[in-house]
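Below: one structure, written as structure tokens.
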Amino acid sequence: MKVKVTVMPKTGVLDPQGKAIGHALEGLGFAGIGEVRAGKVIELELTETDPAKAKAAAEEMARRLLANTVIESFRVEVA
Amino acid sequence: MKVKVTVMPKTGVLDPQGKAIGHALEGLGFAGIGEVRAGKVIELELTETDPAKAKAAAEEMARRLLANTVIESFRVEVA
Amino acid sequence: MPPVSLDPARAKQLSDEFGLKPDEYDRVLAILGRVPSLTELGLFSVMWSEHCSYKSSRVWLRTLPTKAPWVIHGPGENAGVIDIGDGLAAIFKMESHNHPSFIEPYQGAATGVGGILRDVFTMGARPIANLNALRFGAPDAPRMTRIIDGVVRGIGGYGNCVGVPTVGGEVNFHPAYNGNPLVNAMTVGIAPKDRIFLSAAAGIGNPVVYVGSKTGRDGIHGATMASAEFSADAEEKRPTVQIGDPFVEKLLIEACLELMATDMIVAIQDMGAAGLTSSSVEMAGKGGVGIELVLDNVPQRETGMTAYEMMLSESQERMLMILKPGREAEAEAIFRKWELDFAVIGHLTDTGRIVIRHKGIVEADIPLAPLESEAPLYRRPTAETPKQPVLDARDIADPLGPVAALEKLVGSLDLCSRRWIWDQYDSTVGGQTVQRPGGADAAVVKLEGLKRALAMTTDCTPRYCLADPEEGGRQAVAEAWRNLTAVGAKPLAITDNMNFGNPEKPEIMGQFAAAVRGMASACTALDFPVVSGNVSLYNETNGRAILPTPAIGGVGVLEDAAQAVGLALQPGLDLVLVGETRGWLGQSLWLREVAGREEGAPPPVDLAAERRNGDFVRARILAGEAVACHDVADGGLLVAVAEMAMATGCGATLDAPPPELPAHAWWFGEDQGRYVLAVRDTATLLAAAAAAGVPAARIGRSGGGDLVAGPGSSISVERLRAAHEATLPALMAAVG
Amino acid sequence: MKAVIVVFPGTNRERDMAIALERATGRKPVMLFHRETALPSGTDLVVLPGGFSYGDYLRCGAMAAQSPIMREVARFAARGGHVLGVCNGFQILCEAGLLPGALLRNATLRFLSMDCHMRVERAGTPFTAQWQQGAVFRAPMAHGDGNFFCDDETHRHLVDQNLVAFRYCTPAGEVTDAANRNGARDNIAGILSPNLRVCGLMPHPEDLVDPLMGGTDGLPMFTSLAEAAVAA
Ligand SMILES: Nc1ncnc2c1ncn2[C@@H]1O[C@H](COP(=O)(O)OP(=O)(O)O)[C@@H](O)[C@H]1O
Ligand SMILES: [Mg+2]
């Protein structure tokens, strides 16, 4: 079973990378760009076949390793 | 309008980060972990209100800057 | 219209939460003649926090020697400034980021580096080197390897990106730091000595200008956090984490240096702890002028920020400056070129007050003089640390003999190779690094385009400081002086970072006072004044204090970089020990690691001998008589020689210990003021030593692949090296 | 030789590069800010130095590769001009498509700052003329993303056309896994364009051109370039 963990900087936390990307896109001539936030996505193949259990496991992984919950928030999706 | 660009390492391209995450998760005692891939996600706030146009614009951004198609593939979603 | 006062009961309650003591709050009421507004209360609480006001430490810091003919600016400015010749000044300072690094190791350490860089370039200097003094807990303590990993990545992540080489530092491990690691970062910069920028504001009506990154809600109450001890609820203090952006810092350095090459700046100061509050209050206060800010003009990253939030935000990579009138557009062009925010956010006034406006409302209106002059100042009660007994080496059995003990020691936490750390720091960017980490007792960085070089080091031996804070303070200064001397540099001045526990406890305040006493005695005797520094108190977790850690950052000068020597041994040389060996085992690493005892009085520093020996060694190095030199510190003589050997793989054969000393005391005693020199012409050296009244003796000869510690005791340098190099990588393997 | 060093926001080894070029050529290079849209006339060599252009955010070199001056650099290269990219400069050249492949995160996932050794795999180019084929030299490296990657076809092309300039090796010249700290494909440290006028490499020869800093191992690259400019 495939799960996807998306990790983003928490709202209000400075995101230097997102800022720089927004800047660069404007430099390339793209218009109408508002806030840009950059995060990580981790796709995991789990042997677990029960979606609820897979999700719970991935959430545990996110809390313990994948996300730094001091400054990042995460979201788990099961494919 | 919010668009999300997900950028993942292409199959066949080394993903040292994904591999390290897999190892670390096993080290923490998580079992049943298969392949792990680590990528990036960029969330953009666009003033564009037409979903098709927003998607086309984001795809253009991904091709020109957000992804390096030598090593990465991307996917655009409109929220 | 004066600001709107808080409800009195609410104000009292908040003043408590913000860390103001009841009598301090009463003083606020007296100064204002009314109940403060929220913004005013915020201002008072951060300005009067330990971190900003030095209220517990000031009475002691005043006793440190700060003057010498080469000192241009001592403590009181953003960083210390000394004359290093060729029309140049070295500007340097050390600062702690202990609490933030415990909460979020990567960002805490990274923003620590960012902050100290700003303290230095705000004075007009181009930063040329970074150092870092780190203290970690036992590696098996909860989170500790993650903290080590995060701190090292954070220091590298920031320093590498801004392009300032990280050239040195030190690391200790002790369980006393389990809940409170120390991250002290030091920056050294260079400026023309007649173009130093200060922070005192001047010129009524002159514009107050904000440059750098936008302001967000980061790190609000960071300064007060740095002034409180940790407890189990540290989790809740998390929202104060600040995020660094080294890329913006790099642009800020370039933009500020470009602006500083013009004559537009009247005064400039970085926004460090307590951000806009401390920078505006201090600049206006120092200049004896008033200041009025209109916060609507502050570049903001988030919507709906209040005056209170903007004044207390610790968003990184921001500076405040006073410009000459009419130069705003010219200055703005420079910052726009570097893609940085630039905003005129106020002007200087003749009212002697700080007035903060936001959305048409006066949010704060405080007289500046009493904010400073009535700031609390405490002479807190002190209790002396009881003296430890002087141990006699003859009473301590040697369970291992020299070789096995040596192998154990070079792999122990406090002596093992720090390569795992410095391999993650760019130490060569700039192209001027003559001695990189591991190569010499002090890092040596040449000044671009000149022969001249600076030597720099950080030193402190916290276990000595715990056993005897005065002796420990003295030793820390002496070791820094010795490390600079050992590369051939003339030691000029120090910065310090005083890391201690809760000053409200007499025994902690006693440690502080004694350490200052010891430091002062060494600074005086060695002509090695303090030009800048930082105090970090309340380093405690659940009532348990760290070891007293007065970290010293020393800077010295070499007129010709080519004269610098490293510690790496070459074959075919005589080894000469300079200084007297009495076999002092109290508080030695041998005693701790081999005999399993942490006790006794630490080795005393004889300042007259220290000076005599050091001046002698430096003169010999500058005369070209030493191929290599290493001071004898942690671990004693045999460890010092082993370190020289491991640097190249070249072995050495040492003579048997003198009969009057137990062998383990000779090999591992930590007597101070000693150096090992590798020389070609021993006779000349010994004659010079005799003439100077300096104890010196040939102790062996280099060559081969083994280290021989007297007849019958031998170990290959390769084997020592394997033990030396394995420890940290093995420890950190678990984190990946 | 007229050398131009391009400075992007976040570039930080431009001074190191200038010192090395001046030492080898006796002439100060021109520093060109990334906003410029033209190269000075008479430019013989364009150097993209090391650093963290745009903070290395998103991907190292990605944003710098898009800046206006890079169009000029591409034109200059197409006309047969000499272009050197070191570290971040190499990353920019790959991102701009002037060299094939890409530089991934180091296999160790850590920043690597230490001396490495490289073997000269192709002597006789404008960048390597002063070395013998197979010569081994030392240089500091300092990067987080130096793990050279290319697909099989590109790799075959690089090898068949003899376009690998340098490989990581032991001090004795053996190309081993242990010598390949960042995990680069086939130990590749630096590559050349088909016309041999564009070269990119990760380590920093410019930081080892003075005995005071530990040696002059990197100097031949710059004396080679000076000679090539005279010949051109
Ligand atoms: N945190 C660090 N960062 C960079 N270099 C370090 C660090 N810690 C130690 N080093 C380097 O390791 C070497 C040995 O350090 P140390 O044992 O403290 O030396 P000494 O005892 O001679 O003062 C020195 O070159 C020092 O600069
Ligand atoms: Mg030291």
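Chain A is the first sequence line, chain B the second, and so forth, proteins listed ahead of strands; every chain is numbered from 1. In what follows, every heavy atom counts, from backbone to side chain, and hydrogens, waters and symmetry copies are set aside. Remember, predicted model here, so these are calculated numbers, not experimental data.
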Most contacts with chain D, counted as non-hydrogen pairs under 4.5 angstrom, among C:Thr433, C:Val152, C:Ile253: C:Thr433
Among the listed options C:Glu254, C:Lys337, C:Arg419, the residue most often paired with chain D at heavy-atom distances under 4.5 Å: C:Lys337
Using heavy-atom distances under 4.5 Å, tell me whether C:Val162 contacts chain D through its side chain, its backbone, both, or neither. backbone
Could you check D:Asp210, D:Ile19, D:Asp207 and say which one makes a side chain to side chain contact (heavy atoms under 4.5 Å, CB included) with C:Gln432? D:Ile19
Rounded distance [0.5 Å steps], [atom1] in [X] versus [atom2] in [Y]:
X	Y	atom1	atom2	value
D:Phe111	C:Ile155	CZ	CD1	14.0 Å
C:Lys451	D:Leu212	NZ	CG	10.0 Å
C:Asp423	D:Thr108	CG	OG1	10.0 Å
D:Met213	C:Lys446	CE	NZ	5.0 Å

Given the options D:Glu14, D:Met17, D:Arg15, D:Met114, which has more heavy-atom pairs under 4.5 Å with chain C than any of the others? D:Arg15
Please give me the minimum heavy-atom distance between C:Cys161 and D:Gly55, naming the atom from each residue. SG-CA, 4.2 Å
Shortest non-hydrogen contact from D:Leu208 toward C:Arg436: CD1-NH2, 4.5 Å
Does D:Asp16 reach the main-chain N or O of C:Gly431 with its side chain, forming a donor-acceptor pair under 3.5 Å? yes
Is it the case that the side chain of D:Asn12 and the backbone of C:Asn160 share a donor-acceptor pair, with hydrogens and angles ignored and the cut-off at 3.5 Å? yes
Side-chain contact test, heavy atoms from C-beta onward, threshold under 4.5 Å: evaluate it for C:Thr428 versus D:Arg13 and give yes or no. yes
I'd like to know whether [atom1] of [X] has more than 12 heavy-atom contacts from other residues, nucleotides or ligands below 6.0 angstrom.
X	atom1	result
D:Arg167	CZ	yes
C:Glu559	CD	no
C:Arg336	CZ	yes

So which part of D:Asp56 gets closer than 4.5 Å to some heavy atom of chain C, the side chain, the backbone, both or neither? neither
Under 4.5 Å heavy-atom distance to chain C, tell me which part of D:Pro140 shows up: side chain, backbone, both or neither. side chain
Once the angle between the rings of C:Phe247 and D:Tyr54 is folded into 0 to 90°, is it parallel (under 30°), tilted (30 to 60°) or perpendicular (over 60°)? tilted
